Protein chains: 2
Amino acid sequence: MLIESNDQLVSSGINSESTTLRAQVQEVLRSAILEGRFKAGQKLVERELCELTGASRSILREALINLEASGLIERQSYRGFSVTRIGPRKVKEIFELRAPLETLAAELFTERASDQEIESISEIMAEMEACIATSDLARLRAAKERYYDVLFTGCRNIEIRKALENVIDRIHYLRSQLISDAERRDQSLIEMRRLTSALINRDQLATRQACMDHILSARDAVLRQMAQAQSNS
Amino acid sequence: MLIESNDQLVSSGINSESTTLRAQVQEVLRSAILEGRFKAGQKLVERELCELTGASRSILREALINLEASGLIERQSYRGFSVTRIGPRKVKEIFELRAPLETLAAELFTERASDQEIESISEIMAEMEACIATSDLARLRAAKERYYDVLFTGCRNIEIRKALENVIDRIHYLRSQLISDAERRDQSLIEMRRLTSALINRDQLATRQACMDHILSARDAVLRQMAQAQSNS
DNA sequence: CAACGCAAAATTGTATACAAAGTGGGCCTA
DNA sequence: TAGGCCCACTTTGTATACAATTTTGCGTTG
């Protein structure tokens with residue numbers, strides 16, 4: 001069994017309200033991948049995923065097809081789905097797209113976000129600081145996700161949001177496969193502080209610079225860690 | 001029957017080599033939508049599409065799910081798929097994404113394209129001129145598609161390409177729903193000439209400006225035509 | 001005659017069965 | 001014993017059957 005298997009991942013009991021079964025299964029698989037519970041290149045056998053999620057193949061396949069569209073998994077004829085392998089070249093491509101896009105989103109945020117959203121950003125930043133102080137990494141991760149959620153909502157452009165979420169998911173997955181580095185985490189926090197401050201002040205130029213720097217720095221960190229992982233294996 | 005229905009769209013005979021049935025069906029549906037054979041908001045009934053394409057529901061649904069992921073169609077629970085309606089607000093969102101992305105692609109092209117690709121661009125531009133001269137709109141459309149294909153290949157970034165193809169497909173569909181305007185076509189050609197010249201000279205700054213101008217001009221044309229169509233109905 | 005409600009038809013969602021292709025192991029042979 | 005071939009098994013691809021939901025149309029009623 002590929003995953004800790006005591007319980008089925010989709011709680012079949014209570015909370016099946018308001019979202020479709022399909023969406024639940026897809027989200028379960030997406031989370032599982034993002035959390036790094038599947039190795040890169042690993043084959044995803046439908047039967048196993050069925051047992052794991054409790055869903056039947058119809059549902060499961062729809063979910064897989066959607067994940068394929070998002071780039072997280074890929075498919076080979078009569079060979080099924082497997083988790084997409086991402087190499088340094090792909091990382092460069094992804095960041096080449098992400099850098100201008102996320103910067104654009106941040107700039108639009110400074111123009112369009114509500115005061116409420118500005119405040120949210122500020123609050124989440126404070127929470128992240130607290131998480132670092134207490135080394136609560138799971139909560140940090142959740143906070144970061146909410147941070148981006150507010151940012152992408154505040155830019156008031158669903159197209160940009162969707163395009164970004166796809167690339168960020170893949171980077172996110174990649175990160176889960178690498179050893180996270182405490183030093184990088186500190187550096188990242190510094191950059192986030194700078195970005196947050198720029199966003200709060202609705203300072204477009206500062207936002208642009210902070211965002212660009214942050215992303216390129218993240219890119220280099222990923223590439224460095226990949227090279228390191230490569231040489232270790 | 002919703003579409004001219006003499007023959008099945010997937011030629012079942014000879015050319016079923018090298019691509020999967022699924023991919024063929026999807027491409028048939030995509031083309032049908034892009035050519036404007038379905039009205040915006042129109043319901044896509046699975047049974048009808050099955051008869052039309054000759055495929056069975058399994059295949060068809062996979063194709064539909066993929067098209068949904070690309071944004072061309074949308075889905076409502078127990079109400080099936082329908083062609084996505086695009087309003088002025090959505091157009092603004094799409095172009096807000098497209099403008100910087102396509103400009104980025106063009107800039108990268110000036111850095112990375114092979115001499116062969118530069119030449120292709122030049123040739124296709126000449127062909128487009130010829131198409132205008134002879135008013136061969138179908139061929140113009142095909143040439144334009146090849147132009148973009150070379151451009152997106154030359155930028156050497158598959159991520160950017162995929163992101164762009166999604167948005168361009170939707171704009172393309174939108175265009176098919178509007179009355180095409182001869183004046184706009186001429187204006188567009190002028191802009192393309194300018195862009196082509198900048199690309200050929202690998203002049204990044206000129207490329208940036210030509211590309212931006214072209215896209216924004218296209219955007220305004222679409223919005224104008226939408227407003228016009230609105231007032232006519 | 002309009003409006004409401006119910007029932008039948010149509011349509012989508014889900015599950016299962018069958019076909020096609022790939023994978024691997026064992027046996028035979030050189 | 002190494003290599004290759006064949007057969008059984010696994011897995012995915014496709015088709016079909018069944019269930020849930022929506023839509024439609026008719027008849028009744030106020």
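Keep in mind the model is a prediction, meaning the values are calculated, not measured. Chain letters run A, B, ... following the sequence lines, proteins first and then strands; every chain starts at 1.
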Whole angstrom value for the distance that separates [atom2] of [N] from [atom1] of [X]:
X: I59(A); N: dT16(C); atom1: CD1; atom2: C1'; result: 13 Å
X: E74(B); N: dT12(C); atom1: CD; atom2: P; result: 15 Å
X: E51(B); N: dA10(C); atom1: CD; atom2: P; result: 13 Å
X: I65(A); N: dT14(C); atom1: CD1; atom2: C1'; result: 14 Å
X: L21(B); N: dA15(D); atom1: CG; atom2: C1'; result: 12 Å
X: E48(A); N: dT10(D); atom1: CD; atom2: P; result: 12 Å
X: N66(A); N: dG13(C); atom1: CG; atom2: P; result: 13 Å
X: R79(A); N: dG24(C); atom1: CZ; atom2: C1'; result: 14 Å

Considering only side-chain heavy atoms of [X], which listed nucleotide, [options], is closest?
X: K43(A); options: dT11(D), dT14(D), dT14(C); value: dT11(D)
X: R47(B); options: dT11(C), dT14(D), dT14(C); value: dT11(C)
X: Y78(A); options: dA15(C), dT11(D), dG13(D); value: dG13(D)

Contacts of E62(A) and R57(A) projected onto DNA chain C by closest heavy atom; the upstream (5') one is E62(A)
What one should report as the nearest heavy-atom pair of R112(B) and C155(B) is NH1-O, 3.2 Å
Minimum heavy-atom distance between Q177(B) and F38(B), given as atom pair plus value: OE1-O, 3.6 Å
Looking just at side-chain N and O atoms, do E27(A) and S31(A) make a donor-acceptor pair shorter than 3.5 Å? yes
If we ignore angles and hydrogens, is there a donor and acceptor under 3.5 Å between the side chains of R161(B) and T153(B)? yes
Does a side-chain N or O of [X] approach OP1 or OP2 of [N] to a distance below 4.0 Å, or not?
X: R22(A); N: dT14(C); value: yes
X: R75(B); N: dG13(C); value: yes
X: S56(A); N: dA15(C); value: yes
X: R61(A); N: dG13(D); value: yes

Name the nucleic acid region contacted by L60(B), choosing base, sugar-phosphate or nothing; use a 4.0 angstrom heavy-atom cut-off, strictly under. nothing
Let's go through R184(B) and S217(B) carefully: what are the C-alpha distance in whole Å and the side-chain angles of both, what is the deciding distance for side-chain hydrogen bond (donor to acceptor under 3.5 Å, both in side chains) to 0.1 Å, and is it a yes or a no? CA-CA 9 Å; R184(B) 168 61 200 154; S217(B) 158; 2.7 Å; yes
